[in-house]
Structures are given as structure tokens and as C-alpha cells.
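In what follows, a structure is listed as C-alpha cells, so that the remarks can point back to it.
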Amino acid sequence: MALKLIPERLKSQPVFLCIDDTMVAKFGKKFEDVSKLFDHAAHNGSNYLNGHCFVSLMLCVPVWRKQRIVYLAVPLGYRMWKKEVSKLELAASMVRQVMPEFSAQRNVIILCDSWYAKKDLVCVVDEYANLDVICNARHDSVIYDLAPQPTGKKGRPAKHGRRLSTETDFALSEEKIGDYYIGVRQVLTNLFGQREVLAYVTASDKAKGARRLFFSTIFPWQEKVPLNQTGSSCMQFIPLLCYYFRWNIEVSYYEQKTFWSLCSYMVRSSRGIETLVNLINVAYCAMKILPYQDEVFSKYRSVSVQEFRFALSEEIRRQVFYATFLQNVETGLKSSVFTKVLKQLLRHQCSGWHKL
């Protein structure tokens, strides 16, 4: 369904698969597979909470809105982590499950934070020709310069160059790009084996402050597309700038937990919980997709999902009220005039969908 949203003229644009996990706190141990989980963002006075952990996958697809390209974020599904397999393996299996649908897509890019930047997940990019990854990584990850040219001397040639430091071996940009100074160079790292990748280092201050490290298996599209207004000096940073799409999955967690009762399930079995959570997600996605599938609702493309949900629920409530009232009104009170008025009101409400 989400892939059908992409117009033909946007087929060459990359799509993004965002990976992350979220926790749902529960009281007691009546729920199946509930356990103590570490949560670095917990606000309960402890770094641990009692509950469930769900690994999720989100798709960001390009759509046309107000004469420009924007990306629509659509969560594809949730899988409960039961500690039988790692979260990395769960995420990798979800990617493998959806990749056949993207066989005709030019570029599919995985976005993930440093926790998921491990071999059990990034190895998936070697299985598909059109799949790449842009990920945050630990700042102390081991990175090497490219292997030197063979010298012709006896002995096994070096597999990589000297070890690099994020503090001294990356020349940061002269000016800030967004909120950060950025440095980039082509490197080798144990995470990707002998595959050459781009390493990006960002810093909010050149002189002091922590530096963040990112890896990208996809290289700038400078040779494939016109520079347009980007400019050649900034083109090398385009893959890193794509990383900000990953934040959409955090927004989705907030919206679903706050407005869609994602955390309010009372089902006890793990299978029932996972089914209910994904059912809520389907409803949430349907609301986001509807303005692009039906022109009647196109005016809601640029408003929040909560506002659109409220407008729909109000209209449904009116129609249900009038339809039920007409059916249940006592026979003795029914008059031809009264019934005719109610039917006209009902028809007027039905036509109101086209005026939303």
C-alpha cells in the first residue's frame, strides 16, 4: 500500500527503512513475557522498568505535496522481543521480510542508531544490491585508513592502513552545516569488513565538545544527478543529511503512545499483545495514508494525524447518531414529516464527507 503512494516521477528517489525499539511499562507479572528491561530514558527513578520491548520498522517514502517532495513516514510493524533471539536478529528478519517488495526500487537505505550498528544487522546490506545503511556508531569504534598500494615487496600486503582517530584525523568543514561542523573520509572498519565506507564526524564546536561518528555504505550521488542548488562543496555530506529521517520513528512512538493507546493493552498472551499492537499500528497508518489515497481528504495532507483523526471521528459520530436515532425512534412518534427530516439530515451528513 505505501509503495503505491510513490508517483512514477519519484521512483528514482531513495526510500528509507528506520529501525528502533520502544518499551511499554506494565505493572505486575500477569502479562506473558513481561520482564525487567534496561531503559536509559526511564523517568521512574531507576534505569529499569517492568514491561515489554518492541522492535519496529518504519518506511519513509517520497510523496508530492505543495509542489515539492516530502517524505511520509509509515510504520510497517512491531515485533515483541522475547529474549529468544536478539533485537538485532529481529530487526534483520523484518528487513528481509519487506525487501522483496522493493526489488524495483533504486535505493533502499536503512537508518539506525549506534545500538543497532552491529554485524548481525548491517550484514543484511550484502544480501541485496539496492540496500545500503547509514548509521550512528560508537565514537570509539575502530576505523582504519584505506589499504596502501602494493609495494611489490615479498610478504602479504596490508589489509588496511593506519588506525584513525575521530579527534585528529578528520578535517571539519569551515562553516557549520546545520548545527554541526562535519568531516568525512573514506575508511575501512571491522563492522563492514573489507567494504569501503564513508565515515562522518560531527562536532558542535571545533575546539571542544564530544564528536559523533556515522558510517554510510552509500556514496554521494554527485556523478548520477545534477548538483542543482546543493553545490559541490556540500554534496559530499548528502548521505549524512539523510540520517535526520530516522527521527520520524521517535515521533511515531510519541503519537501512538499518547493518542492511539499503544501502551494501554490489557491482553495477557504475548501473541494477543503483538496482534493488538500491530492492529493499532494499521489504524494509525491508514489515517496517514488516506489523504494520499482519496482526493476528498487531500486537504489533510499537511495537518497532524491527531487533527485529521478528530475530524474523522466527529463525522463518524454524527452519522452513527442520526442513523441509530432514525432506526430506534418509537413507532408511535414516527410521522412522515419527522422521518423525512431525519433522512434529509442523514443524507446531508453523508455528503459532508466531501466537504471535509
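Keep in mind that what you see is a predicted model, and the values were worked out from it rather than measured.
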Checklist entry - Does atom CG of Asp179 have more than 12 heavy-atom neighbours from other groups under 6.0 Å away? => result no
Next on the checklist: Phe245 vs Ile109, test: side chain to side chain contact (heavy atoms under 4.5 Å, CB included). Steps then yes/no.
Outcome noted: CA-CA 11 Å; Phe245 287 113; Ile109 304 174; over 6 Å; no
Checklist entry - So with a 6.0 Å cut-off around CZ of Arg138, is the heavy-atom count from everything else above 12? => result no
Next on the checklist: Could you see if Tyr254 belongs to whatever hydrophobic cluster contains Phe308? Use Ile, Leu, Val, Met, Phe, Trp, Tyr and a side-chain cutoff under 4.5 Å.
Outcome noted: yes
Next on the checklist: Going by the rule ring pair (Phe, Tyr, Trp, His ring centres under 6.0 Å), which residues pair with Tyr243 if we only count those two or more places apart in sequence or in a different chain?
Outcome noted: Phe214
Checklist entry - For Tyr181, which residues count as a side chain to side chain donor-acceptor pair (under 3.5 Å) partner, sequence neighbours excluded? => result none
Checklist entry - Taking Ser269 for the side chain and Gly272 for the main chain, is one N or O donor matched with an acceptor at less than 3.5 Å? => result yes
Next on the checklist: Given the ring of Trp260, does Lys257 sit roughly above its face, with NZ or CZ under 6.0 Å from the centre of the six-membered ring and within 45° of the axis?
Outcome noted: no
Checklist outcome for this item: For Ala203 and Arg211, the nearest pair of non-hydrogen atoms, with its separation, is CB-CG, 4.0 Å
Next on the checklist: Can you list everything that forms a side chain to side chain donor-acceptor pair (under 3.5 Å) with Ser216? Sequence neighbours excluded, please.
Outcome noted: none
Next on the checklist: If I compare all heavy atoms of Gln13 with all of Pro62, which pair ends up nearest, and what's the gap?
Outcome noted: CB-CG, 3.8 Å
Next on the checklist: Strictly by side chain to side chain donor-acceptor pair (under 3.5 Å), give each pair with a member in residues 156-168 just once, sequence neighbours left out.
Outcome noted: Arg162-Asp169
Checklist entry - Could you walk me through whether Val98 and Leu57 pass the side chain to side chain contact (heavy atoms under 4.5 Å, CB included) check? => result CA-CA 10 Å; Val98 302; Leu57 187 68; 3.9 Å; yes
Checklist entry - For Glu314, what residues pass the side-chain contact (heavy atoms from CB on, under 4.5 Å) criterion, not counting sequence neighbours? => result Phe310, Arg317, Arg318
Next on the checklist: Does any part of the side chain of Asp20, heavy atoms only, come nearer than 4.5 Å to the side chain of Glu250, both counted from C-beta?
Outcome noted: yes
Checklist entry - Is the number of heavy atoms from other residues, nucleotides or ligands within 6.0 Å of CZ (Phe259) greater than 12? => result yes
Next on the checklist: By the side chain to side chain donor-acceptor pair (under 3.5 Å) test, which pairs, at least two apart or in different chains, include something from residues 194-206?
Outcome noted: Asp126-Arg195, Asp132-Arg195, Gln186-Glu196
Next on the checklist: Regarding Asp145 and Arg185, does a basic nitrogen lie under 4.0 Å from an acidic carboxylate oxygen?
Outcome noted: yes
Checklist entry - Who passes side-chain contact (heavy atoms from CB on, under 4.5 Å) against Met99, sequence neighbours left out? => result Leu17, Val95, Phe102, Val108, Tyr128, Asn130, Leu131
Checklist entry - Considering only heavy atoms from C-beta outward, does the side chain of Thr22 approach that of Ser56 to under 4.5 Å? => result no
Next on the checklist: Measuring only between side-chain heavy atoms, which start at C-beta, is Ile280 closer than 4.5 Å to Tyr265?
Outcome noted: no
Checklist entry - Can you name the nearest heavy-atom pair linking Arg246 to Leu111, along with the distance? => result N-CD1, 3.7 Å
Checklist entry - Taking the side chain as C-beta and beyond, is there a heavy-atom pair between Leu312 and Leu290 under 4.5 Å? => result yes
Checklist entry - Partners of Ser261 by side chain to side chain donor-acceptor pair (under 3.5 Å), sequence neighbours excluded? => result none
Next on the checklist: Keeping Lys26 on the side-chain end and Cys263 on the backbone end, is there a donor-acceptor pair under 3.5 Å?
Outcome noted: yes
Item to check | Lys288 vs Tyr284, side chain to side chain contact (heavy atoms under 4.5 Å, CB included): CA-CA, chis, key distance, verdict | outcome: CA-CA 7 Å; Lys288 300 196 74 173; Tyr284 172 80; 3.7 Å; yes
Checklist entry - For the residue pair Cys112 and Val133, what are the closest heavy atoms and their distance? => result SG-CG2, 4.4 Å
Item to check | Residue from Val15, Asn248, Val74, Leu72 passing side chain to side chain contact (heavy atoms under 4.5 Å, CB included) with Cys60 | outcome: Asn248
Next on the checklist: Can you list, by chain and residue number, the hydrophobic cluster partners of Val251 when the side-chain cut-off is 4.5 Å?
Outcome noted: Trp247
Checklist outcome for this item: In terms of heavy-atom contacts, Leu37 and His52 come closest through CD1-C, 3.5 Å
Without placing hydrogens or testing angles, list every side-chain donor-acceptor pair under 3.5 Å for residues 118-125, not counting sequence neighbours.
unit_1 : atom_1 : unit_2 : atom_2 : d
Lys118 : NZ     : Trp115 : O      : 2.5
Lys119 : NZ     : Asn190 : O      : 3.4

Checklist entry - What's the verdict on side chain to side chain contact (heavy atoms under 4.5 Å, CB included) for Leu88 and Tyr116, showing C-alpha distance, side-chain angles and the deciding distance? => result CA-CA 6 Å; Leu88 295 166; Tyr116 282 91; 3.7 Å; yes
Checklist entry - Which heavy-atom pair separates Ser252 from Met58 by the least distance, and what is that distance? => result CB-CE, 3.3 Å
Item to check | Side-chain donor/acceptor of Glu89 to backbone N/O of Ser86, under 3.5 Å | outcome: yes
Item to check | Contacts of type salt bridge (Lys or Arg N to Asp or Glu O under 4.0 Å), residue Lys87, not counting sequence neighbours | outcome: Asp21
Item to check | Pairs touching residues 70-79 that satisfy side chain to side chain donor-acceptor pair (under 3.5 Å), sequence neighbours left out | outcome: Tyr78-Gln256
Checklist entry - Applying the side chain to side chain contact (heavy atoms under 4.5 Å, CB included) test to Phe215, which of Ile134, Asn136, Val197, Leu198 qualifies? => result Val197
